[in-house]
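Structure, as structure tokens:
Worth knowing before you read on, the calculation uses all heavy atoms, side chains too, and leaves out hydrogens, waters and symmetry mates.
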Amino acid sequence: MGQNGAVATNHPQATAIGIEILRSGGNAFDAAVAVSLALGVVEPAMSGLGGDGFFHVWLANTGQTIVYNGTGPAPEAANKDCFTKTGIPISGPLSTSTPGLVGGLSALHQNHGTQSWSRLCDAAAELANSGFFVTRTYQTFAEGNLEKLNANTVSREIFTDDGSVPAVGTKIIQPQLATSLRKLGDDGADGFYRGALAGILSEDAQSSGLMLTDSDFANFRPETQASISTTYRGFDIFQTPPNSTGFVFLQELKILEQFDITKFDYGSADLIHLMVEIKKRAFLDRERYGTDPRFTDSNVGEILRKDHASSKAATIDMSTSSDIPLMQFQQKSKNTTYFCIIDKDGNAVSAIQSINSAFGSGVTGSKTGILFNNRMAYWHLDDEHPNFLRPGKRVRHTMNAPIIAQNGKLWGVFGTPGADNQVQINFQVAVALMDYGFDPQQAVEVARWTSSQANQAANWPHDGNSCLTLESGIDDNVLRDLEQRGHKLKIVAPLAGPCSVACIRLLDNGIMMAGSDPRRDGWAAAY
């Protein structure tokens, strides 16, 4: 807890940098830039300059929310014909789309930052040059992606120990990335997309076999968007708009609002069953509305209406699990990081960024040290699907970054990485906070569930196991009750479920209360 500022991220060194920026007089937006770039250094499996991000801000002086959309489109050379025979690769050179994170960060800083861009970049550059230490979380992601990393000489050299998983405490140093971060600090985002750094990036892309060209970088521009929102039991809930699927989270809450849950204990079979059934119906609408609105109409407002929520609620049977495969657009044929910040003035940033799967494409540029994303794996190839691949189009993103307000004042910011699981875990955290009065750390640590429907998965080939996965710690009687209702259960170890939540509550007395997830290397701090 603290009264001058709070930062919650998925890595202690990133949180420390954020707190340092706030202590030195920077605002939440300055800290967000520094934290974002730092996470790209210390969590290379999750995000970085070669990826994307959404930066959702709350402006304390006006109560306004704004979204800076830093997600890049498919390369000009990418189209359905490239992948019809083989499907979309989930790693390697052909899995990379245009990186948008730097553009989104720059737009955020230009409009709201107070400290110099170069200083914020230098903090991450120093971290890349001095190194970070391998944790068990890093080991887990490296072990699951050794084949991908070893397929690229540069990635193998930087992120493995001669092709093996590095020991805990091994220092990972990224000197080429440090140089790129310094150049970014000197030349700004324009240099990244249209200047000297862009030229080096393009050389890296071409020598590595990526589809990206000079024009893909030069033509990219971030988008400033209005948040989408709904109300829920006296709260105002703001979310990132399409091409984000934040609307799924809003719809889940809107359907839940149709039910009186005061008689349900948190963690009860009734509440879990109800929320899972709501999730299934919201994901059905995700398939219909999740797209780049610049290319396809995505009027999510109609699914957030009370009458639509009521009609969905009426289809839920509290005694029986429903089977709702997402098959309207079935194909023939995951990783991210989140952070949040509140400063002494009450400004806030809810931010999420990603290179998609762990270690992205697995391809690291030899000159820049930048690890490229594998976001192309999110596309669909059925031309009737709203998320159909087109050059220059932004893919549908599972990334979303909520903000909650009450009576016109900031109430809380939270979020999580985790692909399709994001809006499910955010749903549970929101209910724990708003309906059951949990504090951030309770909401983060409580046993969680995730539901998988047929054809749900974000990555190609978009499969799903139709299971309800729950962490150990949920009462055995609850598990038996859920099985009797028809849920196919899969039980994992305590704290072994997906996602890694960061959460900050702004209390009525102005004190900030921050929590972070033990499922990764999360760390929250306030002062």
Any donor-acceptor N or O pair under 3.5 Å, side chains Tyr338, Thr9: no

Side-chain donor/acceptor of Asn69 to backbone N/O of Phe54, under 3.5 Å: no

Salt-bridge contact Glu287-Arg396 (side-chain N to carboxylate O under 4.0 Å): yes

Pairwise distance CZ(Phe414) to OG1(Thr416) - rounded to 0.5 angstrom: 10.5 Å

Side-chain donor or acceptor of His385 paired with backbone N/O of His380 under 3.5 Å: no

Atom of Pro99, atom of Phe217 and distance for their closest heavy-atom approach: CD-CE2, 3.9 Å

Between CD on residue Gln239 and OG on residue Ser229, distance to nearest 0.5 Å: 10.5 Å

Separation of Glu445 CD from Glu471 CD (nearest 0.5 Å): 10.5 Å

Ser310 and Gln258 side chains, donor-acceptor separation under 3.5 Å: yes

Geometric class of the Tyr266/Phe438 ring pair [parallel <30°, tilted 30-60°, perpendicular >60°]: tilted

Contact summary for Pro417 and Arg520, nearest pair of heavy atoms: CG-NH1, 3.4 Å

Thr114 (side chain) donor-acceptor with Gly26 (main chain) under 3.5 angstrom: no

Under 3.5 Å side-chain donor-acceptor pair for Ser24 and Glu20: no

Polar side chain donor-acceptor pair, Thr291 to Asn387, under 3.5 angstrom: no

CG on Asp420 to CD1 on Ile425, rounded to 0.5 Å: 11.5 Å

Arg281 and Thr315 side chains, donor-acceptor separation under 3.5 Å: yes

Minimum heavy-atom distance between Pro241 and Ile228, given as atom pair plus value: CB-CG2, 3.7 Å

Check: His109 ring centroid to Phe29 ring centroid under 6.0 Å: no

Test item: Thr135 side-chain N/O and Tyr138 main-chain N/O as donor-acceptor pair under 3.5 Å: yes

Minimum side-chain heavy-atom gap Ser350-Phe339 below 4.5 Å: no

Working for salt bridge (Lys or Arg N to Asp or Glu O under 4.0 Å), residues Lys409 and Asp236: CA-CA 9 Å; Lys409 298 181 179 179; Asp236 295 304; over 6 Å; no

Polar side-chain atom of Asp343 near backbone of Gly346 as donor-acceptor pair, under 3.5 Å: yes

Pairwise distance CG(Leu22) to CD1(Ile341) - rounded to 0.5 angstrom: 6.5 Å

Pair Ser322, Asp317: side-chain N/O donor-acceptor within cut-off below 3.5 Å: no

Short side-chain to backbone donor-acceptor contact, Ser311 and His308, under 3.5 Å: yes

Between CG on residue Leu256 and CD1 on residue Ile261, distance to nearest 0.5 Å: 4.5 Å

Under 3.5 Å: donor-acceptor pair, side chain of Asp517, backbone of Val501: yes

Atom of Cys499, atom of Asn421 and distance for their closest heavy-atom approach: SG-CB, 3.6 Å

Full working for side chain to side chain contact (heavy atoms under 4.5 Å, CB included) between Leu59 and Ile66: CA-CA 8 Å; Leu59 302 176; Ile66 304 171; 3.9 Å; yes

Donor-acceptor side-chain pairing of Gln424 and Gln428 below 3.5 angstrom: no

Closest non-hydrogen atom pair, Val349 against Ala28: CG2-O, 3.8 Å

Side chain to side chain contact (heavy atoms under 4.5 Å, CB included) between Asp265 and Tyr436, worked out: CA-CA 9 Å; Asp265 291 334; Tyr436 291 88; 5.7 Å; no

Distance-only side-chain donor-acceptor flag, Asn426 / Asn400, under 3.5 Å: yes

pair Val423-Glu252: side-chain heavy atoms closer than 4.5 Å: yes

Side chain proximity check, Phe55 to Leu101, heavy atoms < 4.5 angstrom: yes

Expected output: side-chain Ser357 to main-chain Gly360 donor-acceptor under 3.5 Å: no

Between Lys280 and Ser321, a side-chain donor and acceptor under 3.5 Å: yes

Pairwise side-chain contact, Asn347 with Trp58, heavy-atom cut-off 4.5 Å (strictly under): no

Derivation of the side chain to side chain contact (heavy atoms under 4.5 Å, CB included) call for Trp449 and Val276: CA-CA 9 Å; Trp449 56 263; Val276 170; 3.7 Å; yes

Ser354 versus Met399, closest heavy-atom pair with distance: CB-SD, 3.5 Å

Side-chain H-bond candidate by donor/acceptor type, Lys279 with Thr450, under 3.5 Å: no

Side-chain touch Asn374/Ile355, heavy atoms, less than 4.5 angstrom: no

Asn27 backbone acceptor or donor facing Asp30 side chain under 3.5 Å: yes

Verdict with reasoning, Thr224 to Val67, per side chain to side chain contact (heavy atoms under 4.5 Å, CB included): CA-CA 6 Å; Thr224 302; Val67 175; over 6 Å; no

Check: Ser106 side chain, Ala189 main-chain N or O, donor-acceptor pair, under 3.5 Å: no

Minimum side-chain heavy-atom gap Thr336-Gln422 below 4.5 Å: yes

Under the side-chain hydrogen bond (donor to acceptor under 3.5 Å, both in side chains) test, residues paired with Asp292 that sit two or more places apart: Arg294, Arg394

Side chain to side chain contact (heavy atoms under 4.5 Å, CB included) partners of Leu482, counting only residues at least two apart: Ala269, Ile272, His273, Leu468, Leu470, Val478, His487, Leu489

Heavy-atom check, side chain of Leu253 versus side chain of Met434, under 4.5 Å: yes

Electrostatic pair Glu302:Arg305 at N-O distance under 4.0 angstrom: no

Pair Asp285 + Arg288: basic N to acidic O under 4.0 Å: yes

Tyr378 side chain to Thr398 side chain, donor-acceptor N/O pair below 3.5 angstrom: yes

Pairs involving residues 221-264, ordered by first then second residue, that meet ring pair (Phe, Tyr, Trp, His ring centres under 6.0 Å) (sequence neighbours left out): Phe235-Trp411

Salt bridge flag under 4.0 Å for residues Asp270 and Arg485: yes

Sub-4.5 Å side-chain heavy-atom contact between Met513 and Leu507: yes

Aromatic plane relationship, Phe132 with His11 - under 30° parallel, 30 to 60° tilted, over 60° perpendicular: perpendicular

Salt-bridge contact Arg505-Asp439 (side-chain N to carboxylate O under 4.0 Å): no

